[in-house]
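Some notes on the structure that comes next.
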Amino acid sequence: MSASLSPRILQMGLNEGMSDAALAVVVLAAGQGTRMKSSVAKVLHTLAGVPLIGHVVATAQALEPAHLAVVVRHQRDDVAQAVSERAPEALIVDQDDVPGTGRALEVALEALPKSFAGDVVVVSGDVPLLDSDTLRAVIAHHRQQGAPATLISTVLADPTGYGRVVRDDSGHVVKVVEERDAAADEAAMSEVNAGAYVFQREPVALALGAIGTHNAQGEKYLTDVVESLAGGGQAVQAVRVEDSWLLEGINDKAQLSDVHARLNRMIVRGWQLAGVTIVDPSSCFIDVGVQLAEDVTIEPGVQLRGSTVIESGATIGPETTLLDTTVGAGAQVVRTHAEGAEIDAGARVGPFSYLRPGASIGEDGKVGAFVEIKNSTLKRGAKVPHLSYIGDAEIGEGTNIGAGAITANYDGVAKHRTTIGAHVKTGSHTVFVAPVEIGDGAYGAAGAVIRRSVPPGALAMSVSTQRNLEGWVEANRGGTPSADAASKASKGKK
Ligand code: UD1
Ligand code: MG
């Protein structure tokens, strides 16, 4: 079966360890994401087959918090659904008219049980690569220091767009200032706020109550609590993360593709280390939900999407896209597009094949060039080698469908099935007018239009006897190159 060794990013949604009763996680996902310039809410854009919010919710779940709250507003129902599908336990909290990350946390805190007095991790729905191991280390530091707030920072060569972490001469965190509100000397600082924090509930709730909206965006900034909490008895902590790519926030589509490239490299590398041969990582894209076995070979130009599963020894590509498709051991799938299909062990598919939902190709079966298959089962060893459309059909074991077969499965109103038995051989260019049944071991002549069922072992012929009208071209198309050629040929015979 599939490899058990998989990159951490592939272990999404798996919970390990003990639940942390003193921990709540709040995911901020109410923003519109104006910079995406899209009708789709930012956190619903997909990254390696999962919406941004799905990545973040999975990380939150991995922390096993006692409470998980997700703050929504823009495209509220769609975002809430994406969350609940993955985390039915999550509390969906609606942000009101007051904009800003500070207001988002404030409404989330109001929704948590009054009795909860633990630590609150805050993460953004648009920072998908921040992982639970990093967060666990930050929570441990926060607790050890007894800090009211601990933020995650990193140093960037180009800090454009991020809030800057301002420290005093002795290195203590003083405040976080947003780029738009930063003075020139602050904007020149390269340590940025990642937008992920751990807070003690009580102090942050109090601080949020006191902050205003006097800034460039007229929003209640969560970052403003840092300055007020830093003024108290205990220092605000900032944990600097070296791998700054972990903290990349996605605000526009260029950042989305940059982060996807990074994540894809990690996924590819994880599978390579698990024994998968990936010839050209730069041209292969693998979603986080895909499962691959040892000794799978991925040729260049392959996209493995959704819940695709590939068993040992199979070769995929070049130039192939598989969505929610399973491929059995040792199968070969070349230059193919497949969605919701099942390809059993040892089968050969392609080049230039199109498998649609419900296509099931049996063990050692074959689907060849320019063949489209939909909602049909090919039993073991059945072959559709050339130029065919097979829809709503069942094809028995060892049967060979001649080149150019069409199942006429649709009468304009309803779909009908074609049932073909075992070890049948149909002639080239056959039309099966469904519903129709072909018995085991039957043969079909070339060009047959099969409108009636064929009994086992019969030869089905439906084309009328050929007639040749001698001299027709010279008599009716005189003076054409065809007529001249015909005339020459008939003289040559004499
Ligand atoms: C925020 C931080 C910035 C940090 C950056 C890191 C603030 C004020 N700024 O800026 O210091 O460097 O993240 O990526 O916090 N959201 C809500 N409700 C709102 C507004 C936003 O839930 O009213 C959510 C968004 O959906 C998003 C997250 O909060 O998931 C961050 O919002 P975004 O607008 O992307 O903040 P940044 O400008 O990136
Ligand atoms: Mg952002």
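Just follow the structure's listing: the first ligand is 1, and inside any ligand the first atom is 1.
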**Report entry** D126 and K42 ion-paired at < 4.0 Å
**Finding:** yes

Query raised in the report: Can a salt bridge be assigned to the pair R143 and D20 using a cut-off of 4.0 Å between side-chain N and carboxylate O?
Result: yes

**Report entry** atom 30 (O) of ligand 1: the protein heavy-atom neighbour that sits closest, reported with distance to 0.1 Å
**Finding:** L28 O, 2.8 Å

Query raised in the report: Do any nitrogen or oxygen atoms of R35 come within less than 3.5 Å of a nitrogen or oxygen of ligand 1?
Result: yes

Query raised in the report: Taking distance alone, with no angle check, do Y162 and ligand 1 share an N/O pair under 3.5 Å?
Result: no

Side-chain donor-acceptor pairs of residues 345-369 under 3.5 Å, sequence neighbours excluded:
{"residue": "S353", "atom": "OG", "partner": "G350", "partner atom": "N", "Å": "3.0"}
{"residue": "S353", "atom": "OG", "partner": "G368", "partner atom": "O", "Å": "2.8"}
{"residue": "R356", "atom": "NH1", "partner": "E372", "partner atom": "OE2", "Å": "2.6"}

Report task. Enumerate the residue pairs fulfilling ring-ring contact (aromatic ring centres under 6.0 Å, His included) with a member in residues 275-321, sequence neighbours excluded, ordered by first and then second residue. Result -> H260-F285

Query raised in the report: Side chain, backbone, both or neither: which part of P99 has a heavy atom under 4.0 Å from ligand 1?
Result: backbone

**Report entry** Distance filter under 2.8 Å, centred on the Mg ion (ligand 2) - protein N, O or S atoms that pass it
**Finding:** D126 OD2, N251 OD1

Query raised in the report: Residues two or more places apart in sequence or in another chain: which of them pass side-chain hydrogen bond (donor to acceptor under 3.5 Å, both in side chains) with E186?
Result: K175

**Report entry** Side-chain ion pair, E394 and K379, N-O less than 4.0 Å
**Finding:** yes

Query raised in the report: What do we get for R103 next to ligand 1 when only non-hydrogen atoms under 4.0 Å count, side chain, backbone, both or neither?
Result: neither

Query raised in the report: Does R73 come within less than 4.0 Å of D97, counting only side-chain N to carboxylate O?
Result: yes

